[in-house]
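Below is one structure; the comments refer to it alone.
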Amino acid sequence: MQIKITLPDQSVREFPKGSTALDVAKSISEGLARNVLAARINGEVRDLTLPIDEDAQLTLLTWNDAEGKSTMWHSSAHLMAEALEHFYPGVKFWVGPAVQNGFYYDVDFGGQAFSADDLKKIEDKMAELAKQANPYERKLMSKDEAIRYFTEKGDQYKLDLLGNLQDGSITFYTQGSFTDLCRGPHIPHTGYIKAIKLTNVAGAYWKNDASNPMLTRIYGITFPKKSELDEYLAMLEEARKRDHRKIGKEMEIFTFDDDVGPGLPLWLPNGGVLIEELERLAKKTEAVAGYKRVRTPHLAKESMYLTSGHLPYYEDSMYPAMEFDGEKYYLKAMNCPHHHKIFKELNPSYRDLPIRLAEYGTCYRYEQSGELFGLMRVRSLQMNDAHIYCTREQFAEEFNAVNDMYLKYFRIFGIEKYVMRFSTHEPSKLGQKYVNNPELWKQTEDMVRQVLIDSKIPYVEVPDEGAFYGPKIDVQVWSAIGREFTLATNQVDFAVPARFGLSFRNAKNEMETPICIHRAPLGTHERFIGFLIEHFAGNFPLWLAPEQVAVLPISDKFNGYAKKVLRQLINSDIRGLVDDRDEKIGKKIRDAEVKKIPYMLIVGEKEEQESCVSVRQHGKGDQGSLSIQAFCDKLNKEVDELLSV
RNA sequence: GCCGAUGUAGCUCAGCUGGUCAGAGCUACUGAUUUGUAAUCAGUAGGUCGGGGGUUCGAAUCCCUCCAUCGGCUCCA
């Protein structure tokens with residue numbers, strides 16, 4: 001009996017019933033058959049060796065498909081488990097999935113010591129087992145049978161997994177000496193795995209729950225070719241060079257000091273410039289958008305955080321209270337309550353709305369020690385914060401305007417890789433985790449979703465992650481080493497204003513509670529600058545660069561002229577320095593290049609006589625000569641263009 | 001906070017199993033050199049080897065503890 005297989009190009013081929021996807025691949029070409037890793041059969045990713053019994057849509061998946069990669073990585077996790085079992089008999093395994101870059105397996109070594117030093121021997125064993133090209137054999141088992149198997153083995157982890165599985169759908173896979181409970185799919189045999197790197201070993205809570213015991217998680221990655229592993233390792237090496245902690249030190253942007261405390265960055269002069277420039281941009285942008293600037297203290301009494309509702313919810317991440325005059329004071333972890341108090345003082349009518357209060361507010365959050373991470377996760381932070389108070393009718397327009405501001409900033413910084421994460425509420429948790437106002441939740445979530453759709457912004461919707469007072473949008477970006485961060489946030493709050501008794505008089509002379517939008521498009525100085533360092537690899541655009549121009553005299557005879565050039569630059573609002581060290585010009589150029597200064601001006605006898613400068617651009621070399629004034633004009637024009645996109 | 005690792009001059013690092021092991025390069029400073037588009041030469045200075053405790057005749061090296069950092073987990077802007 002024949003079955004019809006439809007391939008992605010819609011061509012249909014006939015095969016005997018029970019043929020496998022691998023048979024199909026072989027019928028197309030020998031090369032494809034060698035490279036194919038898994039198959040999508042009627043939408044589901046399956047083993048290549050699974051017999052197909054009826055007509056089907058078939059896509060053959062190779063290393064170029066995400067599912068092909070993850071199938072191979074998942075099989076690699078099994079291979080690693082086999083190697084581990086060889087050296088550590090009696091180890092227990094929890095789960096071993098494929099992840100973005102490779103795979104991991106969570107392992108309970110039962111008290112046997114295991115550290116990064118042991119990875120090499122596991123790697124070598126894996127390579128040896130891979131060479132044997134052992135097939136991954138699938139076997140269906142009844143639930144009772146499976147329970148008996150793991151009870152005998154004393155494996156409480158797999159028994160736990162079994163608890164959630166339906167009888168009749170339980171499959172096992174065996175390769176070589178290792179058998180695992182597993183849904184699959186897998187590659188046909190271990191021989192596909194040609195290059196192996198175990199990358200690190202770390203602790204991970206069982207079931208990702210901090211109250212559970214900790215398992216040992218071993219991460220690794222494999223490739224079908226040795227050269228691809230080498231490329232991957234080289235790519236990692238490049239990424240490490242962009243790490244903001246490394247560049248931040250080299251470029252003297254920030255530092256940490258033991259006496260100051262963990263997570264409390266000191267901004268060095270170059271970092272100070274970055275902050276000044278970012279604030280200049282934000283203040284201009286916000287002024288144009290109708291924001292008013294306010295300033296508030298770094299601390300407040302306990303009563304305010306009880307009013308806002310933050311204290312019970314947030315106390316663990318606030319610095320403990322300071323007590324004086326019989327009152328408790330807290331360092332602020334957020335600016336909103338202070339701003340609410342300002343709104344109240346303004347006592348506006350509907351004619352005054354929307355009111356937009358902006359402040360680069362400094363907050364303090366007691367982050368757990370293990371969470372601290374360079375500038376990306378700190379304990380003192382300055383937020384590009386603002387709160388917009390508006391009527392329900394004004395909400396959509398205001399929210400849209402905030403969104404436009406985000407997009408404008410992204411254009412200025414050339415931020416292209418990001419995802420908007422739209423967090424909504426879970427209706428069953430109304431009144432507990434979320435403010436109990438189902439209609440407002442639905443209304444605002446619909447409005448927010450519509451804004452995202454209308455602006456054609458890529459976004460993912462994540463249920464049950466909203467703030468307690470409303471839905472929110474977070475902008476997710478990635479650090480050089482691939483860690484995901486929330487860069488900016490935009491939250492809707494239809495609850496806390498009422499707790500503060502905020503109101504305005506509407507057109508019908510009634511009191512009404514405003515909706516509040518919390519927004520921070522530039523996140524915090526700390527995280528944003530950390531991100532920018534990696535984004536630009538330290539090669540900041542001209543307007544941000546801490547030093548924009550290095551004036552390099554050929555010899556000390558021209559130091560005087562160099563200083564004259566610098567004065568003129570400063571008069572034209574350009575930041576610069578003169579390198580008047582007793583060094584050769586090659587050395588001065590090299591040092592300025594290493595410091596990533598956008599422009600170098602070489603000045604010697606010729607330049608002094610002609611009142612001009614020889615322009616060299618960072619990374620681009622000699623650009624010819626210009627008069628001093630023409631150079632200043634050129635730079636100012638360049639800055640204007642960078643900022644007016 | 002949890003698991004694991006690391007911690008030597010301002011920076012990057014060497015220093016094997018305890019006994020000229022306190023070193024190198026860069027930086028800084030001094031002097032010579034007066035230089036034309038990515039490193040001129042020479043000299044000098046700089047560290048109680050993260051802090052504290054212990055083992056030992058003797059500790060950067062071994063043990064304990066605290067602190068910090070790194071890789072993850074949990075959490076988050």
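We name chains A, B, ... by the order of the sequence lines, and we start the count at 1 in each one.
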request  = Take the protein atom CZ of A/F256 and the nucleotide atom C1' of B/rC70, then report the distance between them rounded to whole Å.
outcome  = 13 Å
inquiry  = Counting only Watson-Crick pairs (N1-N3 plus N6-O4 or O6-N4) and G-U wobbles (N1-O2, O6-N3), all under 3.5 Å, who is the partner of B/rG4?
reply    = B/rC70
key: Aromatic plane relationship, A/Y105 with A/H78 - under 30° parallel, 30 to 60° tilted, over 60° perpendicular   = tilted
ask   = Hey, is the side chain of A/Y205 pairing donor to acceptor with the base of B/rG1 inside 3.5 Å?
value = yes
request  = Report the base-pairing partner of B/rG58 (Watson-Crick or G-U wobble, both distances below 3.5 angstrom), or none.
outcome  = none
ask   = Which one is paired to B/rG18, where only Watson-Crick or G-U wobble pairs with both distances under 3.5 angstrom count?
value = none
query = Looking at B/rU35, does its base get a donor-acceptor pair with the side chain of A/E583 below 3.5 Å?
reply = no
inquiry  = Regarding A/G523, tell me which of base, sugar-phosphate or nothing describes its non-hydrogen contacts under 4.0 Å with the strands shown.
reply    = nothing
request  = Pick base, sugar-phosphate or nothing for A/N200, based on heavy-atom distances below 4.0 Å to the nucleic acid.
outcome  = sugar-phosphate
key: Candidates B/rU74, B/rU34, B/rA39 - which lies nearest the side chain of A/K587   = B/rA39
request  = With heavy atoms under 4.0 Å as the rule, sort A/L487 into base, sugar-phosphate or nothing.
outcome  = sugar-phosphate
inquiry  = Without decimals, in angstroms, what is the distance between A/K246 NZ and B/rU12 P?
reply    = 8 Å
inquiry  = Once you apply a heavy-atom cut-off of 4.0 Å, does A/G604 come out as touching a base, just sugar-phosphate, or nothing?
reply    = base
query = Do A/N208 and B/rU74 have a side chain to base donor-acceptor pair shorter than 3.5 Å?
reply = no
ask   = How is A/M214 classified with respect to the nucleic acid when contacts are heavy atoms under 4.0 Å: base, sugar-phosphate, or nothing?
value = base
task = Decide whether a cation-pi geometry holds between A/R379 and A/Y366; the criteria are a distance under 6.0 Å from NZ or CZ to the six-membered ring centre and an angle within 45° of the ring axis.
result = yes
query = Whom does B/rC49 pair with, Watson-Crick or G-U wobble, provided both distances fall under 3.5 Å?
reply = none
ask   = Are A/K121 and A/F87 in a cation-pi setup, meaning NZ or CZ lies under 6.0 angstrom from the ring centre and within 45 degrees of the ring axis?
value = yes
ask   = For A/D622, which contact category applies under a 4.0 Å heavy-atom criterion: base, sugar-phosphate, or nothing?
value = base
ask   = When all nucleic acid strands are considered with a 4.0 Å heavy-atom cut-off, which category describes A/K584: base, sugar-phosphate, or nothing?
value = base
query = What's the CG-C1' distance between A/D243 and B/rG71, to the nearest Å?
reply = 12 Å
ask   = Hey, does A/A210 reach any base, or is it just sugar-phosphate, or nothing, if we go heavy atoms under 4.0 Å?
value = sugar-phosphate
ask   = When all nucleic acid strands are considered with a 4.0 Å heavy-atom cut-off, which category describes A/F373: base, sugar-phosphate, or nothing?
value = sugar-phosphate
key: Side chain of A/S614 - closest among B/rU27, B/rU37, B/rC75   = B/rU37
note = Here the distance between atom P of B/rA77 and atom NZ of A/K332, to the nearest Å, is 17 Å
ask   = On a whole-Å scale, what distance lies between the C1' atoms belonging to B/rA38 and B/rC76?
value = 42 Å
task = Taking only the side-chain heavy atoms of A/L381 (C-beta and beyond), determine which of B/rA38, B/rC75, B/rA77 contains the nearest atom.
result = B/rA77
inquiry  = From the set B/rA77, B/rG36, B/rG1, return the single nucleotide nearest to any side-chain atom of A/E607.
reply    = B/rG36
inquiry  = Side chain of A/K472 only, heavy atoms from C-beta on: which candidate in B/rC75, B/rA68, B/rA77 is closest?
reply    = B/rA77
key: Side chain of A/Y219 (C-beta onward), nearest among B/rG72, B/rU35, B/rA77   = B/rG72
task = Could you state the atom-to-atom distance from CZ of A/F103 to C1' of B/rG72 in whole Å?
result = 16 Å
ask   = Expressed in angstrom and rounded to an integer, what is the separation of A/F254 atom CZ from B/rG10 atom P?
value = 19 Å
request  = With a 3.5 angstrom cut-off on both distances, give the Watson-Crick or G-U wobble partner of B/rA28, or none if there isn't one.
outcome  = B/rU44
query = How is A/K588 classified with respect to the nucleic acid when contacts are heavy atoms under 4.0 Å: base, sugar-phosphate, or nothing?
reply = nothing
query = For the rings on A/F413 and A/F528, is their centre-to-centre separation under 6.0 Å?
reply = yes
message = Checking contacts here: which listed nucleotide (B/rC70, B/rA28, B/rG1) is nearest the side-chain heavy atoms of A/R245?
response = B/rC70
ask   = Is the base of B/rC75 touched by the side chain of A/R377 through a donor-acceptor pair closer than 3.5 angstrom?
value = yes
message = Can you tell me whether the side chain of A/R616 and the base of B/rA38 have a donor-acceptor pair closer than 3.5 Å?
response = yes
B/rG50 to B/rA60 separation - P atoms, rounded to the nearest Å = 10 Å
request  = If the plane angle is over 60° it's perpendicular, under 30° parallel, otherwise tilted; pick one for A/Y469 and A/H518.
outcome  = parallel
request  = Measure the shortest side-chain to side-chain distance between A/F254 and A/I529 over non-hydrogen atoms and say whether it is less than 4.5 angstrom.
outcome  = no
query = For the residue pair A/A562 and A/V603, what are the closest heavy atoms and their distance?
reply = CB-CG2, 4.0 Å
inquiry  = Given A/R293, which partner from the list A/E279, A/E359, A/E286 fulfils the salt bridge (Lys or Arg N to Asp or Glu O under 4.0 Å) test?
reply    = A/E286
query = In whole angstroms, how far is the P atom of B/rA38 from the CD1 atom of A/I585?
reply = 10 Å
key: Residue A/I602, side-chain atoms from C-beta onward, closest of B/rU37, B/rG72, B/rU69   = B/rU37
query = So, A/Y434 and A/D464: side-chain donor and acceptor under 3.5 Å apart, yes or no?
reply = yes
ask   = Within the structure shown, what part of the strands sits under 4.0 Å from A/E605 by heavy-atom distance: base, sugar-phosphate, or nothing?
value = base
request  = Kindly say whether, by distance alone, the side chain of A/E367 makes a donor-acceptor pair under 3.5 Å with the base of B/rG1?
outcome  = no
ask   = Rounding to the closest angstrom, what is the interatomic distance between B/rG23 and B/rC16 at atom P?
value = 15 Å
ask   = Is A/Q617 touching bases, backbone alone, or none of the nucleic acid, heavy atoms closer than 4.0 Å?
value = nothing
inquiry  = Tell me the interatomic distance from A/E252, atom CD, to B/rU27, atom P, rounded to whole angstroms.
reply    = 14 Å
